[in-house]
Structures are given as structure tokens and as C-alpha cells.
Amino acid sequence: MKRIYLDNCITTKPAPEAIEAMKEFTDEKFWFPGSFFSTSEEIASALKVFREKFAVTINSKQEEIHFTAGGTLANNIAIKGILMANSGKGTHIICSNVDYPDILTNTAFFEQNGFEVTYLECDSEGYVSPEKLKAAIRPDTVLFMTSIANHVVGTLQPVKEYSEVLKSVDHKIYYHADACQAYGKIPLDMNELGFDTMSVSAHKIHGPQGVGALYVRKGTPLAQTIHGVNRVDGLNPGGINIAGIAGFIKAMELVFNNFEENSAYLRKLTDYILAKVEKEIPYYSINGALGDRRAPHNMNISFDYIEGEAITMMLDLNGITVATGSACASQGLQANYVLMAMGKNHVQSHGSIKFTVSRYNTIEEIDFVIEKLKSVVETLRSRSPLYIKNK
Amino acid sequence: MQYSQKVIDHFMNPHNVGKMEHPDAVATEGSPACGDQVTVYLKVNEETKVIEDIKFQSYGCASNIATGSIITDLAIGKGIEEAKTITWKEAAEALDGLPPVKMHCSVLAVDTLRAAIQNYEIAKGLIPIPEFSKETIIEELKKVIYPQVGEDIVTLKMVKYAGLDDGVATIDLDIPKFDNFRDNVVEEIREHLEKYPQVKNVIINY
């Protein structure tokens, strides 16, 4: 049975071209940079080319790019680096209650260490308005963070408007963005958006796992938070994953060579999922914003009267991978915090299914998925006391 | 997390699923807010007190459906006294085990079966309506499973104090602030105690 994979928010299938691009550095050029040998020089220049190529995709400069071992590490280097370098200027942080756990676990850590955090509340679509940011700013605010595209419902935050709010304040507030769900899906221009730091993950765009990038605007002071032998990058000491970076850059080129076409195709697939559900399955509700206020690869729908883990399990046994916001499928047995913050009730949260597509998915696959989903939903509803009561 | 093949089989093709017309007794436990709810219907032979037919409905995850299915298999054909002695551990074992984080599903299924039997006994005048006391609270706490281990919080000595004063149930828990499952355990305790009309308020300290 060929598996249909619709959980591309978590990770994506590596592009064969990206895996191929890694071979040059695993089979032959396995060397390290950081010395005067020709082998070292070769890796150092390859790295510079990779940084330049990446920098172009976000309209920045190669010296502003740091490769990391993934998005979470990039987020940590930026958040901890900014706060530790600037704690003398203030100890107030702002983010939202629907940000990615990388941000929220960092704020929890800093709360335990003398910082205060304001969590901006989202609306029913998971959107956090710039006015809320404006109202939360204090003289001691040092950092504002946001996830550009929400990881659960795909809602895009008004990142440019946030930047204007931050610029209008008479003291410097650093601006960190988590772009792991947004990079490669929507255009991101560092000159226009005004981020001081931004994190990106390779395996969300068909690159290898364990590779990421951090953009640091020139002149942004970051304290060193990871210590070790300094081979290439003071912010991220130790060895480098040159093969992984090569795979990342290849995957990035494949996306950016056809950027608009790629994003339009993802949007076409998610629009099609919604249209098919509207036609085939009763008693559902859409979670998150629609149209161009939503990341093109995400569609999140709640099915009433039934529970999401049962839906995902049954689809899994039919060779289909999707995700759910149900408590039963979560690590802490709690309903999904993003959906709850949006004002969804427990049943809507437990019954939510997240479909996230990639360019490797097809319309035919979606047809198959909705056909199976229709029968799974009917079967589970026939067993549910809630359905019979409410029908 | 791995489910046994038996869990998968009962999840995909549950036994005795659906609504029963004209049951002798029915009980519903759990709540949609917590993500799982089970209803059990019974038909009991008035003379022999043997469970002649049983059906269940489930709003919940795969293991919720599978445990609902297995308890109907375990209870059918048994006298109500014997059926009352089925434990959640036996139900889990009959499914070749459950992941610790899913043990509460087995507790819920067995609890619903017992509640249905009790409703039958009350309706037939076999037992009086049980009195609510501190012991009831402790019995309910024994049904709250700590998901990391798959054992109840009383056995795990996570309950430091349980008291009842003028309708206010007070529970002191020994559970660290950073525990991943703390909020779930607190929610479960509330769900188990707040269903009693005698409980006006639940105070949980940790």
C-alpha cells in the first residue's frame, strides 16, 4: 500500500535531488573548514556560496546567515542570545498565546528567571492584531516574538504591521520571527519585514532533517549561549553538517526556482480538500483564516461528534497520514492549545484534523483521502452517543 | 505509541456496538470535554440476574472504542455480581495490554459497566441509593490514572490528603509543577468528583 502523506507541517519527504546533492560532501568532500589546508578552504568557500544562495531568498546578506542543526536550535540561539545580551535594558517579553512551542517554552524558562511575559491573545481565527502588540509595549520591553504562520491552523500573522508598531516605539525592541512554517511558502523579505532574527528549518521544505538557518540582522547583538570549539561560527560552535547544508540549499533552490507556481499548487490542493469536504461530509467547521491570510499548505477542519485520534488511526490503517489536535493524541493529554485559544470548544478541538500538503501530493490522492475520510467519519459517528443525541 | 493487534481489531470491528432499544439499565460516564465518553446498555434476566445482552457507544479514541468493545465481551453471559468484579486491569489484559497513557480508557469502560449494573440494582430495589461520603471520593480517586505510569494516583501515593466538608471536596496532590500530565490529572479528578450533585466545589492543591 502506497502511503499518502498529508502531515507536511511536521516534516516533509526529502527531495531526491537534495539527497543527491549531499553525496558530494559525504562521499568525497567530508572535510571541515577552519584551517589553511586546501581541503578546509574548499569547504569554507562552499559554505559561503550556500550562505549567499540562502541570503538571496530572503533579501539579506551572506554574513547575516548562520546554519544550525535545525529550527529549534536557531530559535534558541536567537531568543536566548537577544535576551542575555539585553537583559540590562529591560526584562519584559511579548509573544502570543498561539506561538510555536519553541517560543512558548523559552518564555516559560525566562519567566522562571526574572523576566515578565505578556501573551497576546488571538482572535477566533488565530490572528493576533498589531493593536494588541501596541497596547502591550512597556518601557522595559526588550523582545517581541511571533510565529509567522501558525503551525496548527496556518493563519498568517501581520508581521509587517508588527514591524511598524515596533519602529514607532522610542526605544529598541528586538523582533524575532519563527519562519519554520512560512519559509518557502510565502515571500519573506528581510528589508521589508524588519526582523532582527528569523529561524528556518530545512526539513519543512524537502531538505534533510537536522539542518536549519538563522538570520541575524547585521549589528544585532547576540550573547553566545552555546560554548565549544569555534570552527566556523561563534554563535553555533562545534562541527558543521556540510552535507546537510548542501541538501538544504538544493531543496531550497527547487522551491524558489518555481516559487509562485509551487505555492499556488499547495493552495490549489488545500482549497480542493475544503471543497471536497464541503460537498461530501456534513457537520464540520473550518479552523483558522481562509484565502491569502492562511499559509497555502495548511487546511484544518473539525468533524463534529467524533474524536480525532480515532479518525487519524483509522486513516492510518488505510495508508493515510494526517494530524489531529485531540487530547488523546497529545503528549500531555490536553486539548490543542491553539484551537482552545481561538475559542473552539473541547469537542471541536478533539475532533480537529490537520491536513498539510506538499508538492508531492496530487489531486488524485486528495480524492482517495476524502473518500476514505467520508467512510471513517460515518463509521465513527454511527458509534458515537453524541451524534445520535444531536442528530 | 504502539497498540496491540487486539486493540486494533476491536477498534476497527467493535463487538456489541450501538444503541439498545428498551434496555433494563443504562449508564454514561466520561465527558466530551475530556475527549472520551462511554454509554453502556444492559438487558438483565430478572430471574437469574444474568446479563443477556449488552451494547455500548463511544465518543473517543481507538483505545476508548476497543475497551468499550472488550468489556461487553467480558460481561455478556455473566451474572451481575460476577460482572461487577471485572477490573480495568483484566479488561486491558484481555486486549493484550494498553499503553500506560491509555489505561484511563479501560478504567472508564469498566466504570461505565459498573454504573449500569448499579443503576439496574437501584431500579429493581436490590440496593439502596449509595450514600456519598469521603470513601466515595477515595474510590473515585482510585479511578484517576497517572498517564505516565498507567496506575491510579492512590496506588502511586500521589494523594496526600482527601477530605469532604459541607459539600467541598479538598484534594492535596503530590505532583511537581513541571509534570507534563499535571493538568490532565487535575481535570480527571474534577470530572470524577463534579458529577456528584453532593459535591458543590472541588479544591485541588499541588
Side-chain angles (χ1 to χ4, degrees), chain A residues 101 104-105 108-109 111-112 283 302-319 324-337 339-340 344-353 372 375-391, chain B residues 1 3 5 7-9 11-19 26-41 55-66 68-69 99-105 112 145-148 177-188 191:
Chain A
L104 296 177
T105 49
F109 170 75
E111 273 180 309
Q112 286 175 349
Y283 311 116
S302 288
F303 296 94
D304 295 347
Y305 315 123
I306 50 179
E307 188 277 333
E309 197 232 49
I311 303 173
T312 56
M313 279 288 300
M314 248 183 212
L315 289 176
D316 185 28
L317 293 165
N318 281 291
T324 173
S326 168
C328 294
S330 76
Q331 286 178 341
L333 289 178
Q334 294 291 301
N336 184 276
Y337 69 93
L339 295 170
M340 296 308 283
K344 300 286 171 181
N345 62 39
H346 279 91
V347 176
Q348 288 168 323
S349 178
H350 295 315
S352 68
I353 297 294
K372 288 290 170 200
S375 109
V376 163
V377 167
E378 276 170 10
T379 303
L380 291 172
R381 279 182 180 163
S382 76
R383 300 174 187 175
S384 168
L386 305 185
Y387 183 54
I388 291 159
K389 223 186 273 173
N390 284 282
K391 210 163 71 165
Chain B
M1 183 200 313
Y3 283 129
Q5 190 53 46
V7 172
I8 302 282
D9 292 345
F11 164 57
M12 292 302 276
N13 298 297
H15 306 169
N16 308 305
V17 70
K19 194 178 177 189
V26 57
T28 296
E29 295 285 327
S31 77
C34 288
D36 46 14
Q37 184 176 317
V38 176
T39 301
V40 168
Y41 303 86
K55 281 205 178 302
F56 84 101
Q57 287 176 302
S58 150
Y59 162 77
C61 61
S63 67
N64 178 281
I65 292 169
S69 171
V101 72
K102 295 291 182 182
M103 278 300 179
H104 68 276
C105 296
T112 316
I145 301 296
Y146 179 55
Q148 187 142 4
K177 195 179 168 194
F178 50 81
D179 191 298
N180 244 344
F181 292 107
R182 189 194 58 176
D183 293 346
N184 171 261
V185 168
V186 168
E187 251 177 44
E188 281 275 312
E191 190 192 334

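To find a chain, count down the sequence lines: A is the first, B the second, and so on, and within it residues start at 1. Since we're looking at a predicted model, the values are computed, not measured.
- With 3.5 Å as the limit, one finds a donor-acceptor pair spanning the side chains of B/Q5 and B/D9.
- Comparing A/A310, A/A108, A/S349 by how many heavy-atom pairs each has under 4.5 Å with chain B, the most go to A/A310.
- Taking chain A as the reference chain and counting heavy-atom pairs below 4.5 Å, the highest number among B/V17, B/T39, B/I65, B/V38 is found for B/I65.
- A cation-pi arrangement, defined by a distance under 6.0 Å to the six-membered ring centre and an angle within 45 degrees of its axis, is present between A/R381 and A/Y387.
- For the set B/S31, B/C105, B/G60, B/G68, the count of heavy-atom pairs under 4.5 angstrom toward chain A peaks at B/G60.
- By the 4.5 Å heavy-atom criterion applied to side chains, B/V101 and B/F181 are counted as neighbours.
- In this structure, the portion of A/L317 lying under 4.5 Å from any heavy atom of chain B is its side chain and not its backbone.
- No side-chain heavy atom of B/K102 sits less than 4.5 Å from a side-chain heavy atom of B/V7.
- Although no hydrogens or angles enter the test, the distance criterion places no donor-acceptor pair under 3.5 Å between the side chain of A/S384 and the main chain of A/L380.
- Contact of B/Q148 with chain A is not made at all, since no heavy-atom distance falls under 4.5 Å.
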